[in-house]
Amino acid sequence: MSRVIGIDLGTTNCCVAVVEDGRPVVIPNTGGYKTTPSMFAVGEDGKRLVGHLAKRQAVTNASGTVFASKRLIGRRYDSDEVRRAIELCPYEIVEGPNGDPRIRIADKTYTCPEIAGIILREMKRVAQEHLGEPVREAVITVPAHFNDAQRQSTKDAGKIAGLEVLRIINEPTAAALSYGLGRNADDEKVLVYDLGGGTFDVSILEMSDDVIEVLATAGNTFLGGEDFDRRIVNYLVEEFEATEGIDLRGDPMALQRLKDAAEKAKCDLSVSTTTEVNLPFIASDAAGPRHLSLEFKRDTLESLVGDIVEDTIKTVEFCLNDAGLSREQVNQVILVGGQTRTPLVQEAVSAYFGQRPHKGVNPDEVVAVGAAIQGEALVNDDQNMLLLDVTPLSLGIGTFGGHFAKLIERNTTLPVQRSHIFTTTRDDQTAVKIRVLQGESDAAEENDLLGEFILSGIREARKGEPEIEVSFNIDTNGIVSVSALDVATGREQSITVNATGTLSDAEIHRIIEDNDLYEIEFKE
Ligand code: AMP
C-alpha cells in the first residue's frame, strides 16, 4: 500500500511530511533542506528549474522566475489581489481565456494550477526519493480563507502533479492536528498565528474530542516576512547612500543581493543580537568599486518592523471580535510560519495573550506534519479524527436593485443547508435568474460570481406573489449546490457551483501531457 503524504503548499515555501512507524517525519529535499522554495523558473537555456535551483538564479533571471503564485491561484484576473501582484511581480501576468491570471515566461503561458502542479510534483519527487517507492495520494493544505475556486484550483494542481488529493484541509487545522490539541479537553479555543513569507493568517479553532471547528479567520494576503526584508533593504540602501553617496535603488542586481542579505541577516538575528552585512562590490563609480559592510543589530531590526508586528496584533484582535471571544478565553496559541521565529513576533504574541505560544514543532513544518497526520487518519479510516470546517466567505444570491441576499454567513460550520423564499419583481414574470455569489459586500457586484442559472416556467401572477424557494447546500468537502423551486408548480433547477476551478478537465489533461513529456517516475 502506498503511503499518503501531507504537503504544505506555501506562498513562499513548501514542506512535505509522511507518517512513518506511527510518527510524522518531515522529508528533506535533495539539498537536505526541510522546506523548498515555491519557485519555478525557466533559465536562459530553456531549462526548467524548481525550488532552491530556481531561487538561486532569481537574481540574474528576475523575469523568468515565478514566486508567490499562490496569491494568484483560483482568482480572477480583474481582482484586486491580482492587480497588486501585477504591480509587485517582475514576471509577466496576463489574462487567460477563462478570465484567470496566467504567467508568461520564455514565450510560454502557464496557468496557476500548472505552476503549483510543477511545484507539487517536485515535492512528490522528494517524497518518493526518500521513501523509495511511488507516492500517489496526498493531503494538501490551503489557507482557511481560500474560497471554492482557490481550493478547486489547488486540487487541479495536485492532479497535474499526478497526485490523488484525498482532501484539502485548512492550514490552521493542520497545525492544530500536529500538536494533537483538543484530544483531552472540551471546547478548547486555539488561536493560530501564521506569519509566513508573504501572507499573514489568523484563525481561531474550537477543538473538542474529535472535532475541530474553525470559528473565525482574518489576515492579510500581502503581509509577511518579505515586508520585513523590504524594510531592511531600504535601511541598507539609505545607510549606503549616507556613507557612500550612491543610490542603489535603480540597480536590480544590487537590490536582489541586498534582498538576499537582508533575509539572511533577519534570520541570524533570531538567534543572536547582532550580525554583519557584507556585500563586496555592490556598486562602483569613477573612484572604483564600493563595498557595503555594516553591523546590524536586533534592536535596529525591531525598530524597523515594530509597526508591522503591531498591525498583526490588531488583526488578531479583529479575529477575536469576529469569533466573539476575549483574549482570555483563548486556551492555546500556536505559531506557524518561518517569520514567527523572530523573537519580537513571539514576544508580541506572548505579551498580548499573557501566555507563551506553542513552538514545539518547527513553525515552518507544523502544517505539513498535520497534513501527514490527517492523511494517515484518512487511509486508516480513523473516525476519531472528524474535521469540521467552515465556509470562509458568505454565500447568497443577487437580488433586485443590485443587492446581495446572504443565505449562509461566513464561518458557518459545514455541512450546512439553508433555504429562503424569494419572489418576482414584475407582474406575469415567468422566469428568474439565480446568481450565486460569494463575499461580504452588500452590493452584489462587489462579490464573486460562482455561477448562475435560470428557473423558468413560473406560473403567471402578480409581482410578489410567486414563492420561489432558493436552497443552498454545502457538504463536508465544501461542494456547494444551489437549487431554486417554484413552490406552486414544483418546477426546480439546480447547479453545483464549485465543481470547476479555473481549468476545464480537457485543459488539465493537456497540461498533464505537456508536463509528462520528459518525466521519469518510480515504477509500481
Ligand atoms: P514560510 O512561508 O512559513 O516558509 O516562512 C518564510 C518566511 O520566514 C520568510 O520570510 C523567511 O525569511 C522567514 N524565516 C525563515 N526562517 C527564519 C528565521 N530563523 N528567523 C526569521 N525569519 C525566518
Side-chain angles (χ1 to χ4, degrees), residues 6-17 26-29 31 33-39 51-52 54-55 58 67-71 73 88 116 119 122-123 126 140-144 170-172 174-175 178 192-203 219-233 256 258-275 277 296-298 300-302 304-306 308-309 312 334-349 357 359 361-371:
I7 305 178
D8 170 11
L9 177 60
T11 307
T12 324
N13 293 300
C14 287
C15 185
V16 59
V26 177
I27 304 175
N29 62 26
Y33 297 100
K34 289 190 173 171
T35 61
T36 301
S38 310
M39 283 187 165
H52 284 100
K55 187 172 182 179
F67 61 90
S69 61
K70 184 172 170 180
R71 289 211 179 108
I73 199 164
L88 293 173
I119 294 164
E122 172 67 7
M123 302 317 285
V126 163
I140 302 177
T141 59
V142 295
N170 289 328
E171 290 162 8
S178 79
V192 182
Y193 176 107
D194 179 353
L195 189 59
T199 55
F200 174 55
D201 291 303
V202 185
S203 318
N220 182 342
T221 43
F222 283 91
L223 182 85
E226 279 153 26
D227 295 288
F228 286 48
D229 302 347
R230 213 167 298 132
R231 293 279 174 92
I232 303 169
V233 168
Q256 182 68 54
L258 281 163
K259 188 171 176 287
D260 291 344
E263 185 180 9
K264 187 179 170 301
K266 175 187 76 176
C267 294
D268 287 350
L269 292 180
S270 294
V271 282
S272 50
T273 52
T274 178
T275 186
V277 180
F296 189 49
K297 289 195 156 65
R298 190 186 280 175
T300 314
L301 170 67
E302 294 185 350
L304 292 173
V305 301
I308 301 181
V309 178
T312 65
I334 302 179
L335 294 181
V336 178
Q339 192 52 64
T340 62
R341 290 179 188 254
T342 287
L344 181 67
V345 174
Q346 297 177 9
E347 285 156 19
V349 176
K359 15 179 245 193
V361 185
N362 283 332
D364 23 24
E365 298 165 9
V366 60
V367 169
V369 165

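Keep in mind it's a predicted model, so treat the numbers as computed, not measured. Both ligands and their constituent atoms are indexed starting at 1 by order of listing. These numbers come from the heavy atoms of this one structure, side chains and all, not from hydrogens, waters or symmetry mates.
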Undergrad: Backbone N or O of Gly10 within a donor-acceptor pair of the Ser38 side chain at under 3.5 Å?
TA: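 Flag set: sc Ser38 to bb Gly10 pair under 3.5 Å.
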Undergrad: Holding to side-chain contact (heavy atoms from CB on, under 4.5 Å), I want the full list of residues that pass it with Asp364, two or more places apart in sequence or in another chain.
TA: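 If we apply the side-chain contact (heavy atoms from CB on, under 4.5 Å) test to Asp364, skipping adjacent residues, the hits are Thr35, Arg341, Asn362.
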Undergrad: Is Glu263 salt-bridged to Lys55, going by a charged N under 4.0 Å from an acidic O?
TA: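 Between Lys55 and Glu263 there is a salt bridge, with a charged N closer than 4.0 Å to a carboxylate O.
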Undergrad: Is the backbone N or O of Asp268 less than 3.5 Å from a side-chain atom of Ser272, with the two atoms forming a donor-acceptor pair by type?
TA: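 Yes, because the side chain of Ser272 sits within donor-acceptor range (under 3.5 Å) of the backbone of Asp268.
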Undergrad: Can any side-chain N or O of Asn29 pair as donor or acceptor with the backbone N or O of Gly31 at less than 3.5 Å?
TA: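 Present.
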Undergrad: Would you check ligand 1 and list the protein residues that come within less than 4.0 Å of it by any heavy atom, ordered by chain and number?
TA: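 Contacting ligand 1 under 4.0 Å are Thr12, Asn13, Gly196, Gly197, Gly225, Glu263, Lys266, Cys267, Ser270, Gly337, Gly338, Gln339, Arg341, Thr342.
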Undergrad: Does a donor on one side chain sit under 3.5 Å from an acceptor on the other, for Thr340 and Tyr193?
TA: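 No, no side-chain donor-acceptor contact under 3.5 Å.
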